[in-house]
Amino acid sequence: MAEHKKLANGFEYLQVCNERACARIALQGAHLFHYARTGEVPLLWLSEASFFEKGKAIRGGIPICWPWFGRHDTDPALPQHGFARNFLWQLVELDESDAGATGLTFSLKHSEASLQLWPYRFELLLHIMVGKTLTLMLTTKNCDKQSFEISEALHSYFAVSTIDSAYIQGLAGRRYYDALAGEDRVQQGNVFITEEVDRIYEEVQYPLLLHDSDRSVRVDGQGSSSAVVWNPWIDKCREMTDMVYDAYQTMLCIETANARQDQRSLRPGEKHSLTVIIS
Ligand code: BG6
C-alpha cells in the first residue's frame, strides 16, 4: 500500500509497504530515507537529528548527488553534490501489482531554477523497486542540443551495529583518491573504519559486501565503476548540525557513483543509467 504523507511544515513523502518491505520516499530529492524488510531492523541509516525541511537534504537514506558529485569543479558557491537532492520531483508511476515488490518512478526535468545552476536541458528518472531487495536506477537523458558531463552518486547511508565491527569486502587492491589527504592510494585488504574516511575508489568491481557483527549487506552497482566510502568520524560528526555527536558509530556510506575519472559524457538524446541493488 502506498500512502501520501505530509508533515506539519508541509514536507511531503510517500510511505510504501508490501508483504516484503516498507520504504519512505520524500518528494524533495526523490530521497528514499527509510527501507526495512518485513520483521527486520532498517537497512539504511537515518540521522535522528536530520532536517525534514524545504531546501535541506535529509541526512541518511539515499540522497541523489547530481549533476555533480562533491564540490562543483569551478564554482565553490554552487551547492555541494548538485541540486537534484533539493528539488521537488514528481511521482510519475506507481506499480503495486506485485504483493511483494512495489515499483515507483520519479521524474525531474530542467526548469528555470535548474538552468540557473546548470545550463543544460535534461530529464532524470529514478526508478525504485521496494521488495526483498531494494533497487534504485537513476537514468539521465540529455535533452539539450549540446553534450554535457555529469558526475553523480546514489549516496547510500548504511546502518551498522557498531563501526568497530564493520568492514567492506571487495575493494582490496583498488586505487582510491583519499579526499582528506588529496592523494591517490591503493587499498590493502578489506576496508576498516578507525578514523575519518572520505575516499573515491576506482575501477570498482561489484558486488561490495558490508559486514558487521549482526549481518552482511550486498551492494551491487551497474553503470558505475567508482564507489565512495565516507564516515565523518568524531570531530566532523560533532560539527554537523544534523547529526548527533556519536552518530558516526552506527553509519557508513558506500556510494555507487560516477565520480572523478568515471564521470560520464552524454551527447544530445543520449541516456545513462546508474543503478544500485541492495540485498
Ligand atoms: C560524501 C563526500 O559523499 O558526502 C564527503 O565524499 C561529504 O566529502 C559527504 O562530506 C556529506 O556531504 P553533505 O553535503 O551531504 O554534507
Side-chain angles (χ1 to χ4, degrees), residues 26 28-34 44-73 75-87 117-118 136 138 150-160 163 166 168 171 174-185 187 191 193 195-202 204 208 210 219 221 224-245 247-263 274 276 278:
Q28 177 172 290
H31 189 145
L32 184 141
F33 61 93
H34 170 78
L44 299 174
W45 180 86
L46 174 65
S47 170
E48 48 193 277
S50 176
F51 301 113
F52 284 88
E53 277 173 31
K54 195 170 171 232
K56 289 188 178 170
I58 297 167
R59 179 70 63 197
I62 310 186
I64 293 173
C65 306
W66 189 97
W68 58 87
F69 172 81
R71 293 218 181 91
H72 188 271
D73 277 350
D75 186 350
L78 288 171
Q80 156 126 320
H81 290 327
F83 53 82
R85 63 178 178 169
N86 290 327
F87 275 46
L117 296 166
W118 194 63
L136 273 77
L138 178 66
I150 51 164
S151 56
E152 57 182 337
L154 298 166
H155 190 312
S156 313
Y157 286 79
F158 292 95
V160 295
I163 196 69
I168 304 166
L171 290 170
R174 299 284 160 223
R175 263 165 58 105
Y176 65 86
Y177 175 69
D178 183 330
L180 301 170
E183 281 174 12
D184 287 313
R185 294 188 173 154
Q187 178 64 39
V191 182
I193 312 294
E195 59 186 346
E196 183 182 352
V197 167
D198 193 351
R199 302 173 181 169
I200 303 175
Y201 285 85
E202 295 169 17
V204 170
L208 305 179
L210 170 60
V219 180
S224 157
S225 63
S226 51
V228 180
V229 175
W230 179 63
N231 181 293
W233 208 246
I234 301 167
D235 293 342
K236 203 159 275 175
C237 183
R238 287 187 181 165
E239 284 166 17
M240 294 170 78
T241 51
D242 56 357
M243 275 176 111
V244 298
Y245 79 103
Y248 73 94
Q249 293 181 353
T250 55
M251 53 76 65
L252 181 57
C253 289
I254 303 176
E255 311 167 30
T256 304
N258 294 125
R260 291 201 91 211
Q261 289 92 335
D262 187 28
Q263 64 179 347
L274 171 69
V276 66
I278 299 169

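Ligands are counted one by one from 1 in listed order, and the atoms in each one are counted from 1 as well.
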Next item on the list: Check ligand 1 against Phe69 and write out every atom of the ligand that is under 4.0 Å from a heavy-atom position of the residue.
Entry: 3 (O), 6 (O)
Next item on the list: Only one of Tyr157, Trp230, Phe33 passes ring-ring contact (aromatic ring centres under 6.0 Å, His included) with Trp45; say which it is.
Entry: Tyr157
Item checked: side chain to side chain donor-acceptor pair (under 3.5 Å) evaluation trace for Arg199 with Tyr201 -> CA-CA 6 Å; Arg199 302 173 181 169; Tyr201 285 85; 3.0 Å; yes
Check: Is Asp184 salt-bridged to Arg260, going by a charged N under 4.0 Å from an acidic O?
Finding: yes
Next item on the list: Just let me know how Lys236 lines up against ligand 1, side chain, backbone, both or neither, with a heavy-atom cut-off below 4.0 Å.
Entry: neither
Notebook entry, point to check: For Asp178, what residues pass the salt bridge (charged side-chain N to carboxylate O under 4.0 Å, His left out) criterion, not counting sequence neighbours?
Noted result: Arg185
Next item on the list: Identify, for atom 6 (O) of ligand 1, the protein heavy atom at the shortest distance, and state residue, atom and that distance.
Entry: Asp198 OD1, 2.6 Å
Check: Looking only at protein heavy atoms, which one is nearest to atom 7 (C) of ligand 1, and how far off is it?
Finding: Gln80 NE2, 3.6 Å
Check: Listed by chain and number, what are the salt bridge (charged side-chain N to carboxylate O under 4.0 Å, His left out) partners of Lys54, not counting sequence neighbours?
Finding: none
Note to self: Quick check on Met243 - does any of its heavy atoms sit under 4.0 Å from an atom of ligand 1?
What the structure shows: no
Item checked: Tyr245, OH: over 12 other non-hydrogen atoms inside 6.0 angstrom -> no
Note to self: Show the atoms of ligand 1 that are less than 4.0 angstrom away from any heavy atom in Glu255.
What the structure shows: 1 (C), 3 (O)
Check: Given Arg71, Arg85, His155, which one has a non-hydrogen atom that is nearest to atom 15 (O) of ligand 1?
Finding: Arg85
Notebook entry, point to check: Is it true that Arg59 lies under 4.0 Å from ligand 1, counting heavy atoms only?
Noted result: yes
Check: Between Asp242 and Phe51, is there a donor-acceptor pair closer than 3.5 Å when you use the side chain of the first and the backbone of the second?
Finding: no
Item checked: Nearest protein heavy atom with distance in Å, relative to atom 11 (C) of ligand 1 -> Trp230 CH2, 3.6 Å
